[in-house]
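Have a look at the structure below, then the notes.
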Amino acid sequence: MPRWTLLAVPLLAIAAPLPAQAADVRDAAETLTDPVEQDRMAETVTALVDALMRLNVGPLAEAVARVDPESGAAYIPHDATLGEVAGRDPDYGRRVGDDVRATGRMAGHLATAAAAYAPVLKDMARDLAAQWDYERDAARRR
């Protein structure tokens, strides 16, 4: 199999459903580049992380200590939270939310670029598919 055919396979797989995906990519780009949506995602993640850090892990530590009395779990207080055990600072949830906001912006830029390049990739895939057919037919004629 010629080397270029190995490169063509992923492009063909990508381009086959491209018309339907292009609209989805544009919708994703709109959502991800919307500052209100970015804030909503960041606030949701911040709230989830803060809630997780307040989760009481003492009973779980006690169960682990019963199974393995020599583990460090035996020294965790009954009322300990995940945040206390992890030694996190109080701004951890906010920082994770800020990271989500930045990641959303970058994903939005990527989705915008993907939507812009979709027609070019579709044309490339169509050309490669035609070339594939030509080369396959040529090989069969030999």
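Just so it is clear, the model here is predicted, and its values are computed rather than measured. These values consider heavy atoms only, across backbone and side chains, with no hydrogens, waters or symmetry-generated copies.
The list of salt bridge (Lys or Arg N to Asp or Glu O under 4.0 Å) pairs with a residue in residues 68-86, not counting sequence neighbours, is empty. Sorted by first then second residue, the side chain to side chain donor-acceptor pair (under 3.5 Å) pairs that include residues 42-52, not counting sequence neighbours, number zero.
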Side-chain donor/acceptor pairs under 3.5 Å, residues 100-111, sequence neighbours excluded:
from, atom 1, to, atom 2, distance (Å)
Arg101, NE, Asp39, OD1, 2.8
Arg101, NH1, Asp98, OD1, 3.0
Arg101, NH2, Asp39, OD1, 3.4
Thr103, OG1, Asp99, O, 2.7

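Side chains of Thr33 and Thr112 form a contact here, defined as non-hydrogen atoms less than 4.5 Å apart. Contact annotation: the side chain of Met124 never approaches that of Asp127 to less than 4.5 Å [non-hydrogen atoms, C-beta and beyond]. Side-chain contact between Ile76 and Val85 is present, with at least one heavy-atom pair separated by less than 4.5 Å.
The distance from atom CE of Met41 to atom OG1 of Thr31, rounded to the nearest 0.5 Å, is 7.5 Å. The distance from the CZ atom of Arg126 to the CG atom of Leu121 is 11.5 Å, given to the nearest 0.5 Å.
Minimum interatomic distance between Ser71 and Ala65 (heavy atoms only, all atoms of both residues): OG-CA, 4.2 Å. Between Arg54 and Thr81 the shortest heavy-atom distance is O-CG2, 3.7 Å.
With hydrophobic clusters built from ILVMFWY side chains whose heavy atoms lie under 4.5 angstrom apart, Val64 does not share a cluster with Val57. Cluster membership for Tyr92 and Leu82, using ILVMFWY side-chain heavy atoms within less than 4.5 angstrom, is shared.
Side-chain atoms of Glu62 do not come within 3.5 Å of backbone N or O of Ala74 as any donor-acceptor pair.
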